[in-house]
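We number each residue from 1, following the sequence as shown. Any value given below was found using the heavy atoms of this structure, including those in side chains, with hydrogens, waters and symmetry copies removed. Note that the structure is predicted; figures quoted are calculated from it, not measured.
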Amino acid sequence: MSFDLVFFGGTGDLTWRKLMPALFQAFRHGKLPENGRILAVARDEMPDERYREWLKERFREVEEGKRPSDEEFERFASLVHYRRMDLSQPDHYSRLKDWLGERNADTVVLYLATSPHLFTQICEQLGAAGLNGPKVRVVLEKPLGHDLASAQQINRVVRSVFDETQAFRIDHYLGKPSVQNLMALRFGNALFEPLWRRESISNIQITLAESLGVGTRGPFYDSTGALRDMIQNHALQLLTMIAMEAPASNDADAIRDEKLKVLRALKPFTPETVSRDVVRGQYRAGTAGGKSVPGYLEEGKVPPGSHTETFVALRTEVQNWRWAGVPFYLRTGKRLAARDAQIVINFRPVPHPIFPGGSCPNRLIIKLQPEDGLELQLMAAKGGSSTEALSPVSLDLDFDKAFAADRVGAYERLLLDAIAGRLNLFVRSDEQEQAWKWVEPILNYWKNDSTGPRSYVAGTWGPPAASALVARDGHSWIEEC
Ligand code: BG6
């Protein structure tokens, strides 16, 4: 199968930090279909050779082990081309069409790695140039809009130019191998299904914690905030995969239909429930990795007095028969105590404890990063005596170690899937709009709430109010147990 892959925003951060290194990994692993060309387009004028040199420089920053040798880089770079393109100029799209027409590849993937405010303009121009035929797939990077109306506007234009089956909306969390394992855990094993419901589960916690601050992304981040950056997309996608019913097949739409049902069943927020069930925070100076680090307001180019949240914790429910009354706690933040993404399924305690000291409830921890694996916490009598207190023990499965040779990074997986036309790991427009609909009351409430976010010390687990949110139901975050 031949393919042409075009990166709009070809000199941007996303392209050189994530996309090109991921493609290189696919190339190194022999997974990239052989007959391919990669074209980067951006504003600057430069010949292919100059772009390749520039890329080679950037590749020096790629983590060791994933960096190409000179010889590997030369082979990979021979697939890479560059063209100048002014995205507002119709004739530049015609030139792109001519370039693509030279070879008439089986598949054309157009990856919009630009600022999202250009998405509608680019899609309209692609349509006008006839670059929307059945072989074409368009990949849209997040953030797709900053609220429901802007997301709908982008989707309207995308749908007017492309069929929904040609639109690949990225949520890179869906490409993480551990997230695929979540699907495997639930729908490739019969073991957990009878327990996967309100009768056996007391609460579910989804944590996406980062230890880094916003760094140089201040201007982007300040107009985004943690709710839009992580909850509306990554955290909600994970929630749907935990809560969804078994799809009838592994087809993209069968899966996305079920995910959409979960999003529709999420308890809608009102001003009262936002003030009670959502905690927003912003980090102040503290320590990370043993070093002093600045607070959010001292980071480069953050407007003084900004109320942008760098932390969110919230409580919600999925209002259906399976989940009624089970709290789902979601939290994310920058400059937290650790980089740690995990889903914790807390089971109910035994109904009648008979052992001395009682028994801790079982817990299943789905680890997404930095480790990638599963941990099942059980109670055991370590010494085998009938009078001893039970101790918690863990069954631990480390996917990274167990399946090291087969692991594929998130962007590598998603790029390969876009080239192959597999939509399973991409977000459909209705899912995305429903997620915006659900977060919008929170955004609206905050707009009118002059108290702003609660402050937390960098290097901690966020404002104390986040613990209180969970404690109110008689639960605690995993690190507090
Ligand atoms: C991105 C957010 O979508 O996800 C970033 O814009 C965040 O702010 C990143 O740092 C986290 O991704 P990962 O894969 O490192 O957990």
* With sequence neighbours excluded, residues passing ring pair (Phe, Tyr, Trp, His ring centres under 6.0 Å) with Y456 -> F311

* To do: Without swapping roles, check the side chain of E298 against the backbone of G295 for a donor-acceptor pair under 3.5 Å.
  => yes

* **Euclidean distance, T310 OG1 relative to E210 CD, rounded to 0.5 Å** => 10.5 Å

* **Flag side-chain contact, heavy atom, 4.5 Å: E480 against W461** => no

* Hey, are E258 and R186 close enough for a salt bridge, meaning a charged N less than 4.0 Å from a carboxylate O? -> no

* To do: Taking the side chain as every heavy atom from C-beta outward, state whether L19 and T15 have any atom pair closer than 4.5 Å.
  => yes

* Structure fact -> Tested for salt bridge (Lys or Arg N to Asp or Glu O under 4.0 Å) against D372, the lone hit among R407, K401, K176 is R407

* To do: Kindly give the heavy-atom pair with the smallest separation between F269 and R315, and that separation in Å.
  => CZ-O, 3.8 Å

* Asked: Near F355 CZ, under 6.0 Å, is it more than 12 heavy atoms from other residues, nucleotides or ligands?
  -> no

* Asked: Can you find a pair of side-chain heavy atoms, one from Q377 and one from E375, that are under 4.5 Å apart?
  -> yes

* Asked: Just by modelled atom types, is the A435 backbone N or O under 3.5 Å from a matching donor or acceptor in the Q232 side chain?
  -> no

* Close side-chain approach of L236 and L330, heavy atoms under 4.5 Å -> yes

* Asked: Do side-chain atoms of K301 reach the backbone of R217 as a donor and acceptor pair under 3.5 angstrom?
  -> no

* Closest non-hydrogen atom pair, A254 against P247 -> O-CB, 3.7 Å

* How would you list, by chain and number, every residue that makes a side chain to side chain contact (heavy atoms under 4.5 Å, CB included) with H117, sequence neighbours excluded? -> S115

* Distance from I154 atom CD1 to R169 atom CZ, nearest 0.5 Å? -> 9.5 Å

* I would like to know whether I170 and V139 meet side-chain contact (heavy atoms from CB on, under 4.5 Å); could you show each step before the answer? => CA-CA 7 Å; I170 291 253; V139 183; 3.4 Å; yes

* **Verdict with supporting geometry, L423 and R256, side-chain contact (heavy atoms from CB on, under 4.5 Å)** => CA-CA 10 Å; L423 275 161; R256 300 191 297 181; 3.9 Å; yes

* State, to 0.1 Å, how close L378 and N362 come at their nearest heavy-atom pair, and which atoms those are. => CA-ND2, 3.5 Å

* Asked: Taking it one step at a time, do R363 and I478 satisfy side-chain contact (heavy atoms from CB on, under 4.5 Å)?
  -> CA-CA 10 Å; R363 175 183 276 161; I478 182 167; 3.9 Å; yes

* **Electrostatic pair R472-D277, nearest N-O below 4.0 angstrom** => yes

* Asked: Do R413 side-chain atoms and V408 backbone N/O form a donor-acceptor pair below 3.5 Å?
  -> no

* To do: Spell out, as yes or no, whether a donor-acceptor pair under 3.5 Å connects the side chain of R137 to the backbone of A418.
  => yes

* Asked: Do S178 and Q369 get their side chains close enough for a donor-acceptor pair, meaning under 3.5 Å?
  -> no

* Structure fact -> Here the pair of heavy atoms bringing L336 nearest to A209 is CD1-CB, 3.7 Å

* Going through the distances and angles, do N320 and K261 end up as a side-chain contact (heavy atoms from CB on, under 4.5 Å)? -> CA-CA 10 Å; N320 61 19; K261 283 187 207 159; over 6 Å; no

* To do: Measure the OG1-CD distance between T207 and Q342 for me, rounded to the nearest 0.5 Å.
  => 6.0 Å

* Do S150 and D147 have side-chain atoms, one donor and one acceptor, less than 3.5 Å apart? -> yes

* Structure fact -> A471 meets the side chain to side chain contact (heavy atoms under 4.5 Å, CB included) criterion, sequence neighbours left out, with none

* **Partner residues of L126 under the side chain to side chain contact (heavy atoms under 4.5 Å, CB included) criterion, sequence neighbours left out** => F8, Y93, L110, I122, L131, F162

* Asked: Between the main-chain N or O of S306 and the side-chain N or O of Q282, is there a donor-acceptor pair closer than 3.5 Å?
  -> yes

* Within the side chain of T287, is there an N or O that forms a donor-acceptor pair under 3.5 Å with the backbone of G290? -> no

* To do: Would you please classify the geometry between the Y296 ring and the Y283 ring as parallel, tilted or perpendicular, with 30° and 60° separating the classes?
  => perpendicular

* To do: Could you check if a side-chain atom of L112 sits within less than 4.5 angstrom of a side-chain atom of E141, using non-hydrogen atoms only?
  => no

* Asked: With no hydrogens and no angle check, is any side-chain donor or acceptor of T308 less than 3.5 Å from a backbone partner on G225?
  -> no

* So which heavy atom on W16 is nearest to which on T11, and how close? -> CD1-O, 4.0 Å

* Kindly check if the number of other-residue, nucleotide or ligand heavy atoms within 6.0 Å of CZ (R454) is above 12? => no

* Check whether any side-chain heavy atom of W196 lies under 4.5 Å from a side-chain heavy atom of I242, and answer yes or no. => yes

* Asked: Counting heavy atoms not belonging to K437, are there more than 12 under 6.0 Å from its NZ?
  -> no

* **Partner residues of Y173 under the ring pair (Phe, Tyr, Trp, His ring centres under 6.0 Å) criterion, sequence neighbours left out** => H234

* To do: Please check if any side-chain donor atom of N346 sits under 3.5 Å from a side-chain acceptor atom of S202, or the reverse.
  => no

* Check: R159/S429 side-chain N/O donor and acceptor closer than 3.5 Å -> yes

* **Side chains of E412 and H29, donor plus acceptor under 3.5 Å** => yes

* Evaluate the side-chain proximity of P327 to H475: yes if any heavy-atom separation is below 4.5 Å, no if none is. => yes

* Least distance between heavy atoms, Q121 atom then L87 atom -> CD-O, 3.9 Å

* Structure fact -> CD1 (I345) and CD1 (I366) are apart, to the nearest 0.5 Å, by 4.5 Å

* Basic-acidic side-chain contact under 4.0 Å: D253, R428 -> yes

* Asked: If you draw a 6.0 Å radius around CZ in R67, do more than 12 non-hydrogen atoms from other residues or ligands fall strictly inside?
  -> yes

* Structure fact -> Rounding to 0.5 Å, atoms CG (L191) and CD (E193) come to a distance of 11.0 Å

* When rounded to the nearest 0.5 angstrom, what is the spacing between CH2 in W323 and CG in L266? -> 12.5 Å

* **Test ring pair (Phe, Tyr, Trp, His ring centres under 6.0 Å) applied to F403 - qualifying residues, sequence neighbours left out** => F399

* Asked: Quick one: do the K259 and Q237 side chains pair a donor with an acceptor below 3.5 Å?
  -> yes

* Got a donor-acceptor contact below 3.5 angstrom from the E309 side chain to the L227 backbone? -> yes

* **Sub-4.5 Å side-chain heavy-atom contact between V427 and N233** => no

* **Test: K367 and D340 ion pair at under 4.0 Å** => no

